[in-house]
Amino acid sequence: MLIFTNCLSETPDEGCLKIANSLIKRIKSFSPETKVVSYERRSEQTDVFVSSNKLLITGDIISTVGKSKENVLYVPFPARSSATALRILILSFFAKKKVSALLTQVTEISFLAKVFLLLCRAEILVVSDDTKHMLEKAIPPKRIRKIAMGVDTEKFKPVTKEKSAELKAKYGVSPEKKVVLHVGHLNEGRNVAQLMKLDEKYQVILVTSTLTKDEQDKELKNRLLSCPNIRLIDDYVPDIEEIYQLADVYFFPVTEMGRCIDVPVSCLEAAACNKPVVTTDFGEMKSFRGKNGFWLIDSFEKDYLNRIVDKAVNCANPDSRTAVLEYDWSVAVNGILNS
């Protein structure tokens, strides 16, 4: 297989980058002969770095991707649907073998995108039922496949209460405090202002992406930091699993399409650590309604939010981990390599 992508990074702390880096690393471990061709971004996983333009028509790309005799997996960074669809069409035109494109975030399918996707011969891989149903209105369903993916259940795993207390102390949090965690971008579109409605008895921790650190909403940041119980971590955290393990509940307030990839990786990682997850029904999170350890938000009224967080925090055995085991990377890699 040849993997073509602009999603590799040395510090993958953003949803799409996490998906790409984790998936590619595991594909290469299962299939060492896999060749990774990067453009725009690269990491130590990159075998070949090529120059590019918006249409992906350069001598470098044609000579590496166009002359390959292997199947091609295209993993693009999220962009407008028409631009992504055009690039998929171009790749499928000059690639000699099967092309599969993994779309981690789709907000809409424009008319032009529908035309380009109909004309191309690529298989479209998606990570949520929402996107799958949207695409089925544009192209034949047989060309669309949902892949459950997003979490390393070996890295993100439960710890004892004692270990969780040790981690709280390590990161300067009182072991007596209940911690509400959110991991993601610091902007209004992520709806993180809802964190300010949580009771002061909670220690609220917001871990932001270093990829978009320069794009943070400064006014929102100041408002959040004015709350005595909210702490911001905006540096790269290499052992991010420890932050999940010290938390008592994970809070995901995103509602707006395009503000997160279709399967929120942070929710999966928190659940893999067997933490209660309080979430909207954004994207793939719809499928977790009614499952143990998941509380879906139906209102952002302050009293309601605090009641639902209280219920989650006081759940003796959330068992959220069971619900996300099917999203482990081993399942995803097997589905891609054996298709």
Side-chain angles (χ1 to χ4, degrees), residues 7 9-21 41 77-79 104-105 107 150-151 156 167-168 171-173 177-200 202-271 273 275 277-285 297 300 302 305-306 309:
C7 287
S9 171
E10 295 295 353
T11 55
D13 60 352
E14 187 273 340
C16 176
L17 301 184
K18 272 193 172 184
I19 290 274
N21 281 260
R41 301 177 182 87
F77 194 82
T104 59
Q105 181 177 313
T107 57
V151 64
F156 296 90
L167 291 172
K168 284 182 179 179
Y171 287 92
V173 179
K177 278 277 191 178
K178 297 295 185 181
V179 173
V180 179
L181 173 67
H182 177 72
V183 178
H185 303 299
L186 205 169
N187 58 55
E188 287 284 2
R190 292 280 297 201
N191 205 24
V192 293
Q194 302 298 335
L195 294 170
M196 294 187 287
K197 295 179 181 178
L198 299 180
D199 196 286
E200 288 190 12
Y202 293 118
Q203 171 68 70
V204 178
I205 296 179
L206 171 60
V207 182
T208 66
S209 169
T210 59
L211 179 71
T212 57
K213 191 171 182 177
D214 294 337
E215 303 168 18
Q216 290 180 354
D217 184 322
K218 291 182 173 56
E219 190 272 334
L220 174 60
K221 181 177 181 178
N222 290 333
R223 285 164 54 206
L224 288 164
L225 291 177
S226 70
C227 299
N229 65 323
I230 295 181
R231 176 180 170 189
L232 175 65
I233 300 176
D234 59 0
D235 293 318
Y236 180 64
V237 182
D239 300 315
I240 188 65
E241 70 277 7
E242 294 183 342
I243 306 296
Y244 289 103
Q245 290 164 344
L246 68 80
D248 295 283
V249 63
Y250 188 75
F251 183 76
F252 185 79
V254 180
T255 59
E256 195 176 326
M257 288 183 68
R259 296 297 183 172
C260 178
I261 61 173
D262 294 347
V263 54
V265 173
S266 60
C267 290
L268 302 185
E269 292 174 343
C273 295
K275 300 299 180 177
V277 178
V278 174
T279 177
T280 62
D281 65 354
F282 180 94
E284 184 64 2
M285 300 318 294
I297 298 169
F300 285 110
K302 183 176 180 178
L305 278 184
N306 281 286
V309 170

Test side chain to side chain contact (heavy atoms under 4.5 Å, CB included) on Ile233 and Leu206 and set out the steps.
CA-CA 6 Å; Ile233 300 176; Leu206 171 60; over 6 Å; no
Carefully, step by step, assess Tyr250 and Val183 under the rule side chain to side chain contact (heavy atoms under 4.5 Å, CB included).
CA-CA 9 Å; Tyr250 188 75; Val183 178; 3.8 Å; yes
Audit row: Val173, Ile205, side chain to side chain contact (heavy atoms under 4.5 Å, CB included) steps and yes/no:
CA-CA 10 Å; Val173 179; Ile205 296 179; 4.0 Å; yes
Pair Phe251, Leu195 - check side chain to side chain contact (heavy atoms under 4.5 Å, CB included), show working.
CA-CA 8 Å; Phe251 183 76; Leu195 294 170; 3.4 Å; yes
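Two residues are said to be in side-chain contact when any heavy atoms from C-beta on lie closer than 4.5 Å; Phe77 and Thr104 fail this criterion. For the pair Leu181 and Val249, the minimum side-chain heavy-atom distance is 4.5 Å or more. Contact check for Cys16 versus Gln105: no side-chain heavy atoms found under the 4.5 Å cut-off.
The distance from atom CD of Gln245 to atom SG of Cys273, rounded to the nearest 0.5 Å, is 4.5 Å. Separation of atoms CG (Asn191) and SG (Cys260) is listed at 12.5 Å; rounding is to 0.5 Å. One distance of note links CZ of Phe300 with OG1 of Thr255; it measures 5.5 Å at 0.5 Å rounding. Atom NZ of residue Lys302 and atom CE of residue Met196 lie 10.5 Å apart, to the nearest 0.5 angstrom.
The pair Glu269-Lys18 meets the salt-bridge criterion, since a charged nitrogen lies less than 4.0 angstrom from a carboxylate oxygen. Using a 4.0 Å cut-off between charged side-chain N and carboxylate O, Asp248 and Lys168 make a salt bridge.
Lys177 meets the side-chain hydrogen bond (donor to acceptor under 3.5 Å, both in side chains) test with no other residue; sequence neighbours excluded. The side-chain hydrogen bond (donor to acceptor under 3.5 Å, both in side chains) check on Lys178 picks up nothing, with sequence neighbours excluded. Under the ring-ring contact (aromatic ring centres under 6.0 Å, His included) criterion, Phe156 pairs with Tyr244, sequence neighbours left out.
With Asn306 contributing its side chain and Leu198 its backbone, the two residues share no donor-acceptor pair below 3.5 Å. A distance-only check finds a donor-acceptor pair linking the side chain of Thr280 to the backbone of Val254 [under 3.5 Å]. A donor-acceptor pair under 3.5 Å is absent between the side-chain atoms of Asp262 and the main chain of Glu284, judged by distance alone. In this structure a side-chain-to-backbone donor-acceptor pair under 3.5 Å is missing from Lys221 to Leu186. Looking at Asp217, its side chain does come within 3.5 Å of a backbone N or O of Leu220 through a donor-acceptor pair.
Leu17 and Cys7 get closest at one heavy-atom pair: CD2-O, 3.2 Å. Nearest heavy atom pair, residue Pro253 against residue Arg190, reads CG-O, 3.7 Å. Summarising the geometry of Gly189 relative to Arg259, their closest heavy-atom pair is O-CG, 3.2 Å, with the distance given to 0.1 Å. Taking both residues in full, the closest heavy atoms of Ile19 and Gly150 are given as CD1-CA, 4.1 Å, listed atom of the first, atom of the second, then distance. For the residue pair Arg231 and Gln203, the shortest heavy atom distance occurs at CB-NE2, 3.6 Å. Shown here for Gln194 and Leu305, the closest heavy-atom pair between the two residues is OE1-CD1, 3.9 Å.
For the residue pair Asn222 and Glu219, no side-chain donor N or O sits within less than 3.5 Å of a side-chain acceptor on the partner.
Using cut-offs of 30° and 60° on the angle between ring planes, the pair Phe252 and His182 is tilted.
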